*Asks:* 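Questions regarding the structure given below will be posed in turn.
In the text below, chain A, chain B and the rest are named by the order of the sequence lines, each starting its count at 1. Predicted model only: the values in this text are computed from it and were never measured.
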Protein chains: 2
Amino acid sequence: MVRMPTTRPYHHGDLRAALLTSAERTLREKGVAALSLRELARDVGVSHAAPGRHFKDKQALLDALTLVGFERMARAMDAADDPELPLERRLTALAKTYLGFAIENAELLELMFARKHDPDVSAQLTAAVDRSAEPITRLISDAQQRGEIIEGDPERITMVAAASLHGLAAFTANGSLPAEASLAGLDEHIHHLLHGLRPR
Amino acid sequence: MVRMPTTRPYHHGDLRAALLTSAERTLREKGVAALSLRELARDVGVSHAAPGRHFKDKQALLDALTLVGFERMARAMDAADDPELPLERRLTALAKTYLGFAIENAELLELMFARKHDPDVSAQLTAAVDRSAEPITRLISDAQQRGEIIEGDPERITMVAAASLHGLAAFTANGSLPAEASLAGLDEHIHHLLHGLRPR
DNA sequence: ACCTGAACACCGTTCAAGT
DNA sequence: ACCTGAACACCGTTCAAGT
């Protein structure tokens, strides 16, 4: 027998997921400041106290969104990494993916890097952060082994590359640099990162 | 005749300034999320509606803080720039100043780059942002003229340098990279920026 | 186990009224 | 000109009570 939709179609088992989906939508459309647990509850058709069952407080919801963000980014970066590619093209592909994520998820990116998270989630969060940085770490160490990247502490060199990409992504996500200009200049940006600003 | 302090010592003409000072203190100590106009009014000894005389809404106060931040940063960058220095040392000095600002004003930096500002202040804000970026812009064009930096669109090259510094500052301000590690690695970071990650 | 409704202590913003 | 006090419509969080 088929269950007919009632006046309250869902929120049986997946209230948590529904809240996260709705929260991300609000985040994208109106920004973090506009995110209210009560409004979220209304949007999802549940009492204002119901979210409390799934998130101990508002910060817990923001932390969950952050985690979702890093996991999504990690998947994207992982999928974009092709170890067969020559170094510069390989790095450009990763950078483009990062930049694309930043453009498509500007508000989420801000939340992800806002470091307000509860210590409770920090273990999962650290894992997700590491996973999303791993393709770049791997690229650097691969290239070092081939002698295509200078020698020296791989962590520091990875940090130089990551800072360069993150700075560009941050300027793009916050509107300092228009998305088109950012994407159009990406190849050159990576070239400069690899070859330096001093003449050779 | 000396005015004895009354129960309400100030808030005559400088309520606006007092609110900004108090707001920055709260920002530094407890973060943006903890910033409330009503609490600010209490701290400063004034009715909860008084701030409304000086800031049309909460965003206006945040915008004013952002402006103060960029002006302070601009002054610091300007004071740190020494055109007599050789390129790498000159750039390192600017980077160190930027990083120092980011460490000392981590919460403020986040606010400054959060792009939520009202269009009203955007003219002043744009000017302050430009002024704080100018030392780097100037350094790049000086060095280009001397042939110490590669040719090409100076704006793009400035963006490469700025992204690198901003990425490092952002990772430091948000705790991804401890301040000490960040400062300790700064010389090398700048070296890599100038010389590239590929072996020469 | 999961959700509701009422309650509490906060908010930001507005607006008449006071000085 | 600058500030107050009351009012309004919101919040987040908690907790007994319901199913």
*Asks:* Counting any heavy atom closer than 4.0 Å, what does B:Arg16 reach on the DNA or RNA strands: base, sugar-phosphate only, or nothing?
*Replies:* nothing

*Asks:* Could you tell me whether B:Glu39 and B:Lys30 make a salt bridge, using a distance below 4.0 angstrom between a side-chain N and a carboxylate O?
*Replies:* yes

*Asks:* Has B:Ser47 got a side-chain N or O lying under 4.0 Å from the OP1 or OP2 atom of D:dG5?
*Replies:* no

*Asks:* Is any N or O donor-acceptor pair between the side chain of A:Arg38 and the base of D:dT13 shorter than 3.5 Å?
*Replies:* yes

*Asks:* For A:Arg42 and D:dC10, is the shortest distance between a side-chain N/O and OP1 or OP2 below 4.0 Å?
*Replies:* no

*Asks:* I'd like to know whether CD of A:Glu29 has more than 12 heavy-atom contacts from other residues, nucleotides or ligands below 6.0 angstrom.
*Replies:* yes

*Asks:* Please report the distance, rounded to the nearest Å, between CD in B:Glu39 and C1' in D:dC11.
*Replies:* 16 Å

*Asks:* Check this one for me: any side-chain N or O of A:Ser36 less than 4.0 Å away from OP1 or OP2 of D:dC10?
*Replies:* no

*Asks:* In whole Å, what is the span from the NE2 atom of B:His54 to the P atom of D:dC2?
*Replies:* 6 Å

*Asks:* In whole angstroms, how far is the P atom of C:dC11 from the CG atom of B:Leu35?
*Replies:* 11 Å

*Asks:* Just to be sure I follow the notation: if a pair is Watson-Crick (purine N1 to pyrimidine N3 plus N6-O4 or O6-N4) or a G-U wobble (N1-O2 and O6-N3), each under 3.5 Å, what dot-bracket string does DNA chain C give, with | for pairs to another strand?
*Replies:* ||.|||||...|||||.||

*Asks:* What integer distance in Å separates A:Leu19:CG from D:dG12:P?
*Replies:* 12 Å

*Asks:* Could you tell me whether the side chain of B:Arg131 and the main chain of B:Thr126 form a donor-acceptor pair under 3.5 Å?
*Replies:* no

*Asks:* Just the rounded figure in Å: distance from P of C:dC11 to CG of B:Asp57.
*Replies:* 17 Å

*Asks:* For the side chain of A:Ala49, counting heavy atoms from C-beta on, which of D:dG12, D:dC15, C:dC11 is nearest?
*Replies:* D:dC15

*Asks:* Strictly below 4.0 Å, N to O, side chains only: are B:Arg28 and B:Glu24 in salt-bridge contact?
*Replies:* yes

*Asks:* Passes salt bridge (Lys or Arg N to Asp or Glu O under 4.0 Å), B:Asp43 versus B:Arg25? Steps please.
*Replies:* CA-CA 11 Å; B:Asp43 289 349; B:Arg25 183 195 175 86; over 6 Å; no

*Asks:* In whole Å, I'd like the distance from the NE2 atom of B:His48 to the P atom of D:dA7.
*Replies:* 11 Å

*Asks:* Closest to the B:Lys58 side chain: C:dT13, D:dG12, D:dT4?
*Replies:* C:dT13

*Asks:* Taking the side chain of A:Leu15 as its heavy atoms from C-beta onward, which of D:dC3, C:dC3, D:dC11 lies nearest to it?
*Replies:* C:dC3

*Asks:* Grab the CZ-P distance between B:Arg53 and C:dA16 for me, whole Å please.
*Replies:* 12 Å

*Asks:* Does B:Asp82 pair with B:Arg90 as a salt bridge, N-O distance under 4.0 Å?
*Replies:* no

*Asks:* Please state how far atom CG in B:Leu40 lies from atom C1' in C:dC11, giving the value in whole angstrom units.
*Replies:* 13 Å

*Asks:* Mark yes when over 12 heavy atoms from residues, nucleotides or ligands other than A:Lys116 sit less than 6.0 Å from its NZ; otherwise mark no.
*Replies:* yes

